[in-house]
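Counting from 1, the numbers follow the sequence of the chain as shown.
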Amino acid sequence: MALLLTSTVFQQGGEIPSVHTCEGKDTSPPLAWTGLPAATKSLALIVDDPDAPDPKAPQRTWVHWVLYAIPPSATGLSEAAAQANLPAGTREGTNDWRRSGYGGPCPPIGRHRYFFKLYALDTALPDLAAPTKAKLEAAMEGHVLARAELMGTYQKRR
């Protein structure tokens with residue numbers, strides 16, 4: 001079985017509900033996964049937007065959430081996941097707002113794509129001291145057993 005990442009609030013390619021954006025409560029959507037490889041020792045999750053600032057002329061990928069050391073016994077993340085209710089042992093990295101935690105979609109112009117990327121790793125990463133996406137990706141290099149992706153979109157209403 002392949003690694004699969006899903007949400008109960010949006011489908012692959014569908015619109016992320018506004019409650020999970022800067023126009024709502026800015027809380028993370030619920031996520032669930034299945035199909036972890038047997039050798040999985042930990043998981044990592046990166047959420048980013050490659051369409052920043054304008055999907056017609058993207059200039060950078062904006063990082064919304066960085067998590068790692070998620071235990072393989074976890075089967076998902078609850079809605080409004082935060083440090084207090086993450087699976088035991090999960091560590092947070094630093095997003096592009098220079099803080100930990102989830103920062104929801106808040107596109108300045110147009111409809112953006114948001115990629116929720118889950119990685120099954122063959123190792124338990126050490127404490128990386130609030131890594132950026134780039135530092136986490138470097139630490140994961142050579143340890144990714146499987147990867148799943150869920151993409152949602154959002155465009156501001158105001």
Side-chain angles (χ1 to χ4, degrees), residues 3 5-7 9-33 42-71 74 76-87 89-121 123-144 146-158:
L3 184 58
L5 178 62
T6 60
S7 178
V9 298
F10 70 97
Q11 302 298 316
Q12 177 68 21
E15 184 166 327
I16 297 169
S18 62
V19 69
H20 303 294
T21 75
C22 68
E23 293 187 295
K25 293 182 180 179
D26 206 19
T27 57
S28 65
L31 299 172
W33 50 81
S42 71
L43 300 161
L45 178 76
I46 295 171
V47 180
D48 60 22
D49 164 12
D51 298 326
D54 180 351
K56 292 179 182 169
Q59 296 174 4
R60 65 170 299 185
T61 297
W62 187 266
V63 179
H64 287 261
W65 205 13
V66 177
L67 294 176
Y68 70 104
I70 303 167
L77 298 173
S78 63
E79 185 168 10
Q83 187 61 51
N85 64 348
L86 290 171
T90 300
R91 296 181 182 276
E92 293 188 286
T94 303
N95 61 33
D96 279 347
W97 286 283
R98 295 189 178 106
R99 61 176 171 81
S100 64
Y102 174 82
C106 197
I109 186 171
R111 180 166 296 279
H112 288 222
R113 298 168 299 152
Y114 298 88
F115 290 86
F116 292 72
K117 298 178 276 192
L118 181 70
Y119 302 87
L121 307 176
T123 188
L125 296 173
D127 184 351
L128 301 171
T132 61
K133 172 187 167 182
K135 287 181 183 176
L136 177 57
E137 287 176 333
M140 293 189 311
E141 185 75 30
H143 295 288
V144 178
R147 178 178 184 241
E149 187 173 276
L150 175 63
M151 187 274 290
T153 68
Y154 192 72
Q155 181 171 359
K156 277 188 179 177
R157 295 175 181 16
R158 302 178 214 152

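- More than 12 heavy-atom neighbours from other residues, nucleotides or ligands sit within 6.0 angstrom of NZ on K117.
- Atom CE in M151 sits 13.0 Å away from atom CG in L5 (nearest 0.5 Å).
- The heavy-atom pair separating W33 from A74 by the smallest distance is NE1-O, 2.8 Å.
- No donor-acceptor distance shorter than 3.5 angstrom exists from the side chain of Y68 to the backbone of M140, with no hydrogens or angles considered.
- With hydrogens and angles disregarded, no donor-acceptor distance shorter than 3.5 Å links the side chain of H143 to the backbone of A124.
- The stretch residues 56-68 participates, sequence neighbours left out, in these salt bridge (charged side-chain N to carboxylate O under 4.0 Å, His left out) pairs: R60-D96.
- For E141, the CD atom is loosely surrounded, since the number of other residues' heavy atoms within 6.0 Å does not exceed 12.
- When every heavy atom of A120 is checked against every heavy atom of L43, the shortest pair comes out as CA-CD2, 3.7 Å.
- Applying the side-chain contact (heavy atoms from CB on, under 4.5 Å) test to S100 and every residue at least two apart in sequence or in another chain returns E92.
- Counting non-hydrogen atoms of neighbouring residues, nucleotides and ligands closer than 6.0 angstrom, the CD atom of Q11 reaches no more than 12 such neighbours.
- Between Y102 and the options W97, F116, W65, a ring-ring contact (aromatic ring centres under 6.0 Å, His included) holds for only W65.
- Rounding to the nearest 0.5 Å places CG of D49 at 13.0 Å from OH of Y154.
- Between the side chain of H64 and the backbone N or O of G103, at least one donor-acceptor pair lies under 3.5 Å.
- Side-chain contact between L121 and V144 is present, with at least one heavy-atom pair separated by less than 4.5 Å.
- Within 6.0 Å of CZ on R98 lie no more than 12 heavy atoms contributed by other residues, nucleotides or ligands.
- Taken from OG in S78 to CG in N85, the straight-line distance is 4.0 Å, to the nearest 0.5 Å.
- Taking CD1 of I46 as the start and CG of L136 as the end, the distance is 4.5 Å to the nearest 0.5 Å.
- To the nearest 0.5 angstrom, L118 atom CG is 8.5 Å from L31 atom CG.
- Here the options are T94, N95, D48, the test is side-chain contact (heavy atoms from CB on, under 4.5 Å), and the partner is K133; only D48 passes.
- Here the closest heavy-atom approach between residue S42 and residue A69 is recorded as CB-CA, 4.3 Å.
- Pairing each heavy atom of L67 with each of T90, the nearest pair is CD2-CG2, 4.1 Å.
- D26 places a side-chain N or O within 3.5 Å of a backbone atom of G104 that can act as its donor or acceptor partner.
- Minimum interatomic distance between A52 and W62 (heavy atoms only, all atoms of both residues): CB-CB, 4.0 Å.
- Atom CG of L150 sits about 5.5 Å away from atom CD of Q12, to the nearest 0.5 Å.
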Donor-acceptor pairs are to be reported for all side-chain atoms of residues 13-21 against protein atoms at under 3.5 Å, with residues two or more places apart or in another chain.
from	atom 1	to	atom 2	distance (Å)
E15	OE1	R111	NH1	3.4
E15	OE1	R111	NH2	3.3
E15	OE2	R157	NH1	3.0
E15	OE2	R157	NH2	2.3
H20	ND1	T27	O	2.7
H20	ND1	S28	O	3.3
H20	NE2	E79	OE2	3.3
T21	OG1	S18	O	2.7
T21	OG1	E23	N	3.1

